[in-house]
Amino acid sequence: MAGSWRREMRRPSAGGVLAVATVLPALVVAGWLLAGLPLLMLGVFGPLPVTLLAVVVVAVLCRVVLPRVTRAASAGGWQLAGVLGVAVASGVFNAVFHSEQLVVRRDPATYAQYTTWIAQHGSLPIPRQEWAFGGAAGLVFRSVGFYDYGGAVVPQFMPGPPMLYAGFEWAGALFAGPAVLGALAVLTVAGAAGRLVGWRWAPLAAGAFAVSLPILYTSRTTFSEIPSLILLVGALALSAELLRRPTGGRWAAGIAGLLFGLAILVRVDGLRDVLPVLAFAGLLIALRRVPATPEATPDATDAPGGSVPGAAGGLGFPLLGGLVAGAGLGFLAAYLFARPYLAYLSRSVVPLLMIAAAVVALTLVGTALAPRLARIRLPGRLPDLGAALVVLVMAGLAVRPWAQTVRRAPSNGEDLRTFQFIEDTQRANGLPIDGSRLYFEDSLHWVAWYIGVPAVVLATLAAAVLVRRLLGNGGEFRWLLPLAVIGFTTVTTLLRPEITPDQPWASRRLVPLVIPGLILLAVWALSWLRGSRPWVGVLGALLLVVPPAITSIGTAFTPIERGEHAAVTAMCESIPRDASVLIVERVTGDRFTQLVRGMCDVPSAQAERAAGADTAPEADVRRLIDRIRATGRTPVILAADRAQVAPYGPAEQVMSLVTRQDERSLTEPPNGTWSLRSNVWMAMPTP
């Protein structure tokens, strides 16, 4: 096998190049995460050690996996050109229209500030630096996206995405990083389509995916969804390849499981996404305990069928081992770096952990009882019932807005802020005011906006046919894991998106698996319908690409929050190097405390405010100024308005930025952007 791989690498075919190019993104992302995490734990996360270790880890992963995939693709030159063309065009387009979200209002800027800190300092948590203020009394060190926990500042979110974006920060190309990862995601989805449907369909899947608005949106700024997609869909593609030729694929199966598990290091929600993988690994283990079935030959074709289940039984333990290892690293990182974030998410995380425990228990029982369960004769109508259930579930999600209105009464401070945000957005949209509305009942309609109604219908048809075949004669076994992962994540995500429902913001929930998964299913349906009728393929391609492209046009050519980098740089240059920055106003404190600490590289904190107050009492601020002076440092006051800093010294406006921000649409897809103004005033008190 290794010898054939080396020969193919010397004389690469178009199919071999495409096979490698579409699995390599997941291996590179996984290798960088595996190299970066232990170095971050040791506090030595720096460009040279991370890069050197990542090269070694990626080389090992490639050495195991690539021999399994270089003979996988029967693709020709036009498929290779089509996929690479879409990926490159996607990367260039999103790089040109990239965002610059640095001022912390929502998650991308939190990730950007998280990235900046670890790229420059190589360690966590972030010191509060209270010594620069003469003590911590009367000061607030937390801000939006950053907790004050255990005597230090702890960033929100998992460390996976910031570790990835740190590589681009070191290269001086932070804002290009999301576009590069977006292009790699296009390759990954194309690879999954090639392996599950056929390589002739890979360019279409890549194109339909690349023009979808949520993909454009998350490929332009520092979100976590695109890295998660690369790992999850890349693992599905590799698993499909292994199931087509299972013999001798144990090490590669372990890496596929590792890719699945590492999704938790990127997003806590990754635990939900990989639960079906746990059950599937148990199924493979169980297959070794039942009488053997005729196995598929190792030279099975690229047709979208798949090997007979019995041949894949040996992959179960490696897949499970890799999944446990990857998930274990994710949980370890969460414990070390994101404990307050997990506490905040406990309302969702605890039920998810209970579901995971139940899946483990059922998997163990099912594996133990496999020989007995194999003797059970299933009802003859089960395949038809399974297919009907798929259609009924999708139909139920489609009519849900007419049968249910999802609401949540605020029960904590975060809920109350969401309540007020929704009310403000409803006023801007001209809608009835009801801050308890979550609009989750519209979730399938969100999907239809972004990939088109034809894609949703085709995906439903494909899922129904595939379920019927799987329950009937075990056909399409290679689709069992993708169908389980896509179906489970799609239904659970659409039932409870658990995100502020303004668009395009809420569309990010659909990115890791819902959109790529439904596109893969829709493309399979086209391949099934096409038969000997070429016009079906042409019409279907138009129906998959044109509707999402039309939706995307409204925002695709308008970058948001541009100019923030230059504005932040100018503000930082206005702050003395020996400053201790005291922020006395609420909005400026929320948005700029970590930015000043991380990007301006000076200590920063907020002056404590009374509950509900926008500014700190002047007498308290003056006492804090005196304490700063006593340390020998220069006190600097920041706020949003001239009048808020003028009492402390000569006022100077250090930021006056007018740019664009996301539209906040609640009942229709976004078709434009809104204006955004950022003002920061500074005063340097004189003795």
Side-chain angles (χ1 to χ4, degrees), residues 25 28-29 32-33 36 40 45 50 90-91 93-121 124 126 143-146 155-185 213-231 263 265-270 333 337-338 341 499 504-509 511-512 555 559-569 591-592 594-595 597-599 659-662 676:
V28 171
V29 168
W32 187 271
L33 294 175
L40 184 60
F45 185 83
V50 173
S90 169
F93 185 72
N94 290 320
V96 169
F97 293 101
H98 71 267
S99 175
E100 294 182 4
Q101 297 190 49
L102 296 173
V103 178
V104 184
R105 298 186 310 109
R106 300 190 100 168
D107 295 359
T110 300
Y111 279 118
Q113 297 304 328
Y114 194 159
T115 297
T116 298
W117 181 268
I118 64 172
Q120 293 178 357
H121 298 85
L124 287 171
I126 302 168
S143 57
V144 170
F146 294 85
Q156 193 176 8
F157 306 130
M158 299 294 286
M163 287 194 293
L164 290 171
Y165 291 123
F168 297 100
E169 172 73 3
W170 290 328
L174 174 62
F175 299 125
V180 172
L181 291 174
L184 297 181
L213 189 151
I215 308 307
L216 296 172
Y217 180 57
T218 53
S219 297
R220 295 182 177 186
T221 192
T222 44
F223 279 112
S224 62
E225 280 75 12
I226 290 293
S228 179
L229 182 154
I230 292 172
L231 290 170
L265 181 57
V266 174
R267 293 171 65 246
V268 172
D269 288 352
F337 300 130
Y341 177 52
I499 192 169
W505 178 255
S507 71
R508 57 186 288 221
R509 278 290 185 267
V511 169
T555 60
I560 60 169
E561 304 200 31
R562 292 289 277 270
E564 286 192 9
H565 183 260
V568 167
T569 300
R591 297 180 180 182
F592 288 90
Q594 179 57 33
L595 186 152
R597 186 186 292 128
M599 299 192 71
T659 184
R660 308 299 297 175
Q661 64 174 315
D662 293 330
L676 173 66

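- The CZ atom of Phe157 sits 11.0 Å away from the CZ atom of Arg267 when rounded to the nearest 0.5 Å.
- Counting heavy atoms from C-beta on, the side chains of Arg509 and Asp269 come closer than 4.5 Å.
- Interatomic distance, CD of Glu561 versus CD of Glu100, reported as 9.5 Å (0.5 Å rounding).
- Taking every heavy atom of both residues into account, Gly91 and Ala179 meet most closely at O-CB, 3.5 Å.
- Nearest approach of Arg220 to Leu216, heavy atoms of both residues: CG-O, 3.0 Å.
- Legend: residues meeting side-chain hydrogen bond (donor to acceptor under 3.5 Å, both in side chains) with Gln101, ordered by chain and number and at least two apart, are Ser99.
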Please tabulate, for side-chain N and O atoms in residues 112-119, each donor-acceptor pair with protein atoms closer than 3.5 Å (sequence neighbours left out).
from   : atom 1 : to     : atom 2 : distance (Å)
Gln113 : NE2    : Leu102 : O      : 2.9
Thr115 : OG1    : Tyr111 : O      : 2.8
Thr116 : OG1    : Ala112 : O      : 2.9
Trp117 : NE1    : Ser123 : O      : 3.3

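- Between the CD atom in Gln594 and the OG1 atom in Thr110 there is a gap of 9.5 Å [rounded to 0.5 Å].
- Summarising the geometry of Pro159 relative to Pro162, their closest heavy-atom pair is O-CD, 3.3 Å, with the distance given to 0.1 Å.
- The local environment of NE2 in His565 is sparse, with at most 12 non-hydrogen atoms from other residues, nucleotides or ligands closer than 6.0 Å.
- The distance from the CD atom of Gln120 to the CH2 atom of Trp170 is 11.5 Å, given to the nearest 0.5 Å.
- Partners of Thr555 under the side chain to side chain contact (heavy atoms under 4.5 Å, CB included) rule, at least two apart in sequence or in another chain, are Leu213, Pro670.
- Shown here are the side chain to side chain contact (heavy atoms under 4.5 Å, CB included) partners of Arg508, two or more places apart in sequence or in another chain: Asp107, Thr218, Phe223, Ser224, Glu225, Ile499, Trp505.
- Using a 4.5 Å heavy-atom threshold, the side chains of Val104 and Ser143 count as separate.
- Side-chain atoms of Gln156 do not come within 3.5 Å of backbone N or O of Tyr341 as any donor-acceptor pair.
- With sequence neighbours left out, the ring-ring contact (aromatic ring centres under 6.0 Å, His included) criterion links Phe93 to Phe97, Phe557.
- For the side-chain hydrogen bond (donor to acceptor under 3.5 Å, both in side chains) test, residues two or more places apart in sequence or in another chain that qualify with Gln661 are Arg105, Arg664.
- Considering all non-hydrogen atoms of both residues, Pro227 and Val266 come closest at CB-CG1, 4.1 Å.
- A pairwise comparison of heavy atoms in Ala166 and Phe45 identifies CB-CE2, 3.6 Å as the closest pair.
- In terms of heavy-atom proximity, Met163 sits nearest to Leu33 at CE-CD2, 3.9 Å.
- The side chain to side chain contact (heavy atoms under 4.5 Å, CB included) check on Pro178 picks up Tyr165, Thr222, with sequence neighbours excluded.
- Ser90 pairs by the side chain to side chain contact (heavy atoms under 4.5 Å, CB included) definition with Asn94, Val186, Ala210, not counting sequence neighbours.
- Atom CZ of Phe175 and atom CZ of Arg562 lie 9.5 Å apart (nearest 0.5 Å).
- Counting heavy atoms from C-beta on, the side chains of Leu265 and Leu231 never come closer than 4.5 Å.
- If you take OG1 on Thr221 and CD1 on Ile560, they are separated by 6.5 Å, rounding to the nearest 0.5 Å.
- Every residue two or more places apart in sequence or in another chain that forms a salt bridge (charged side-chain N to carboxylate O under 4.0 Å, His left out) with Arg106 is listed here: Asp502.
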